[in-house]
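Below you'll find the structure, written out as structure tokens, and then a few comments.
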Amino acid sequence: MLNYLPDMSQALYRKWRPARFNEVVGQEHVTRTLQNAVAADRIGHAYLFSGPRGTGKTTIARLVAKAANCLEEDLSRRPCNQCAPCLAVNDGRFLDLIEIDAASNTGVDDIRSLRDKINFAPSEGRFKVYIIDEVHMLSTAAFNALLKTLEEPPAHAIFILATTEEHKVPLTIKSRCQPFSFRLFTIQEIAGRLVWMSEQEKLVIEPAAIDMIASQAAGSLRDAESLLDQLVAAPGDTITLARTQMVLGTASDAAVRQLTDAWLAGDGREGLSIIHQALGSGADARQFARQMVAYLRQLLLLKTGGRDLLLATTAERRNIMIRQAHEADRQQLIESLRRFGEAAAAPSVSWQPQLPLELAFIELLPPGNDDSLLDSVADEEPSVKTQASHDAAAELDEQPLTPIQASDEFYADAAGDEKPISLAVVTERWPKLRELVSKRDKNLPGILASVTPLAVENDILILGFGFPILKEKFDNQKGAKTIVTDALGQLLETECRIRTVVTDDYDSVAAESSIDDEDFAALADELGGIVRSGE
């Protein structure tokens with residue numbers, strides 16, 4: 001089989017846009033009704049196409065425009081794609097097809113200009129067809145200006161309004177249009193279209209890669225075709241599953257199933273290992289979270305509705321999903337969907353993009369399993385530089401963690417003979433601190449996973465939290481600050497005070513400086529003032 005590089009001058013979704021109603025994938029409830037209207041020569045004067053993006057609204061609107069102006073005598077065969085109007089529409093040069101982007105033409109003046117020009121007779125065909133995309137973006141005044149024309153347009157005018165948010169279109173507009181609701185495509189419909197398109201383009205692609213693209217498109221055929229276009233490389237090159245996962249930033253299906261098994265087994269160590277391996281292989285953290293949401297959703301539907309709701313899949317995968325659905329509690333599945341959904345929606349600009357995914361998994365673990373996250377100390381010879389610190393930390397394992405009573409005076413006053421706090425030592429011993437803290441509160445290590453020791457200001461340790469919500473949770477958790485200061489006191493062999501900040505906020509502004517008594521007195525003397533002691 002000969003392979004060649006596709007025409008790069010045109011995107012695949014544009015190159016293979018359906019030219020007839022019977023070429024449209026899915027949306028049979030729309031195409032069948034419109035075909036019957038064309039065959040009966042009863043094309044309406046106004047239509048409202050609503051539905052998610054990439055589901056064929058603009059494509060079918062152009063088919064209606066072609067069919068209305070087609071010169072084929074047999075009405076049931078329109079559009080014929082052979083007459084001059086059909087060819088002109090296909091080439092994008094049909095003057096009587098006017099496409100308007102309502103997102104860029106939202107004002108009343110734009111609609112008034114349209115209303116003034118609509119009375120002119122068509123230039124080439126029998127009908128002027130106006131396609132107004134994203135019509136919900138029009139202003140209220142623009143809708144009012146369109147209303148009268150939409151109700152009683154000239155005999156040669158056809159309006160097709162397209163929107164992804166039907167609820168924002170006024171009822172007065174809806175009542176003057178024939179409504180058609182477009183649905184998302186199934187994975188099978190998208191996969192079939194991609195297979196056909198690959199055959200037309202002479203592309204060599206693995207079936208598993210087709211399935212991956214179809215599932216990542218989330219019901220949008222245009223998105224799937226764009227993803228396929230993105231994967232096309234060189235003539236004769238095979239589009240493999242591995243390359244598809246690398247380009248799309250997706251984890252393998254096996255990683256998703258294994259992470260689900262680790263969650264069901266409460267194995268935190270195994271779960272975090274799977275996450276880190278997947279991210280280390282090029283997977284995107286948010287994309288991994290989306291895959292978990294999609295997979296867990298299938299388990300929830302399977303758990304609730306039975307095997308009839310299980311999508312077409314291999315026998316091995318089916319058996320694994322049935323087993324997992326049997327092991328999982330329904331409420332657990334609901335909570336897991338919420339957690340991973342929040343991780344998928346987390347901002348991508350975070351300095352630790354993997355953290356929301358890790359937290360989602362850790363928070364789903366059952367209580368009392370945090371010890372599984374702690375690796376044993378390796379039996380390697382420590383370096384000479386850190387030997388003393390490791391020996392001191394090892395001795396702490398044999399000593400019980402005794403709480404230090406942290407009164408108001410403790411946070412307000414520091415002992416005069418305290419040892420200075422070293423940021424380097426704190427950073428080095430921070431993993432050991434989390435281990436000590438876990439002995440008194442199983443929830444704190446997860447919160448402290450995003451904490452970074454930032455600085456020491458006047459013997460006060462500044463702890464930076466990666467997310468404001470985690471800082472707030474730590475500050476509001478009863479006894480959390482005391483537990484951490486107790487552990488720091490044992491590790492550093494000195495009393496320690498802490499202050500919590502959000503890392504990004506602390507980095508973006510200069511740290512507040514303080515001034516000692518001598519400097520303050522010198523400054524007062526320079527300014528001609530005096531220092532009075534308070535009572």
Side-chain angles (χ1 to χ4, degrees), residues 268 272 275 285-286 289 292-293 334-370 373 401 403-408 410-412 421 423 426-427 429-431 433-489 491 495-512 514:
L272 291 177
I275 291 175
R286 291 201 303 169
M292 288 297 299
V293 170
I334 294 174
E335 182 64 21
S336 66
L337 281 169
R338 289 174 179 159
R339 296 289 187 181
F340 283 109
E342 292 172 356
S348 60
V349 295
S350 170
W351 63 287
Q352 286 187 334
Q354 76 279 10
L355 182 60
L357 178 61
E358 294 170 339
L359 285 178
F361 173 75
I362 292 173
E363 290 177 345
L364 290 171
L365 294 175
N369 283 269
D370 299 276
L373 306 179
L401 184 60
I404 299 175
Q405 296 299 325
S407 61
D408 294 338
F410 170 73
Y411 289 109
I421 300 173
L423 180 62
V426 173
T427 303
R429 301 184 183 181
W430 189 254
L433 177 134
R434 293 176 56 193
E435 181 177 347
L436 292 176
V437 164
S438 68
K439 296 177 181 180
R440 293 183 59 184
D441 191 323
K442 297 296 184 180
N443 296 323
L444 273 182
I447 300 177
L448 296 177
S450 72
V451 173
T452 303
L454 297 178
V456 176
E457 299 177 7
N458 296 332
D459 292 332
I460 298 177
L461 177 62
I462 308 301
L463 300 181
F465 285 76
F467 296 90
I469 189 174
L470 293 180
K471 175 185 178 300
E472 181 180 354
K473 187 174 183 180
F474 176 81
D475 291 340
N476 295 334
Q477 183 167 332
K478 184 177 180 181
K481 183 174 290 188
T482 301
I483 294 174
V484 173
T485 54
D486 290 346
L488 283 170
L491 286 175
E495 292 183 345
C496 178
R497 294 175 293 168
I498 63 175
R499 180 162 66 91
T500 59
V501 298
V502 178
T503 301
D504 292 342
D505 295 341
Y506 185 83
D507 292 339
S508 61
V509 296
E512 296 180 0
S514 61

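This one's a predicted model, so the numbers in the text were calculated from it and none came from an experiment.
Annotation for L433 and V484: closest pair CD1-O, 4.1 Å, computed over non-hydrogen atoms. Closest non-hydrogen pair, A360 versus L364, comes out as O-CG, 3.2 Å. L461 approaches P453 most closely through the heavy-atom pair CD1-CB, 4.4 Å. For the residue pair P356 and A346, the shortest heavy atom distance occurs at CG-CB, 3.7 Å. In this structure, A487 and V437 approach most closely via the heavy-atom pair CB-CG2, 4.0 Å.
Scored by the side chain to side chain contact (heavy atoms under 4.5 Å, CB included) test, I460 finds I462, R497, R499 as partners (sequence neighbours excluded). Partners of Q354 by side-chain hydrogen bond (donor to acceptor under 3.5 Å, both in side chains), not counting sequence neighbours: none found. For E472, the side chain to side chain contact (heavy atoms under 4.5 Å, CB included) test picks out N476, with sequence neighbours left out. Listed by chain and number, the residues in a salt bridge (charged side-chain N to carboxylate O under 4.0 Å, His left out) with E342 amount to none (sequence neighbours excluded). For V451, the side chain to side chain contact (heavy atoms under 4.5 Å, CB included) test picks out W430, L448, L463, F465, with sequence neighbours left out.
Residue pairs meeting the salt bridge (Lys or Arg N to Asp or Glu O under 4.0 Å) criterion with at least one partner in residues 446-456, sequence neighbours excluded, do not occur; the list is empty.
Once rounded to the nearest 0.5 Å, the distance linking NZ of K481 with CG of D475 reads 5.5 Å. If you take CG on L491 and CG on L436, they are separated by 5.0 Å, rounding to the nearest 0.5 Å. To the nearest 0.5 angstrom, I483 atom CD1 is 12.0 Å from L488 atom CG. Rounding to the nearest 0.5 Å places CD of E335 at 11.0 Å from CZ of F340. Of the inter-residue distances, the one linking M292 atom CE with L357 atom CG reads 8.0 Å to the nearest 0.5 angstrom.
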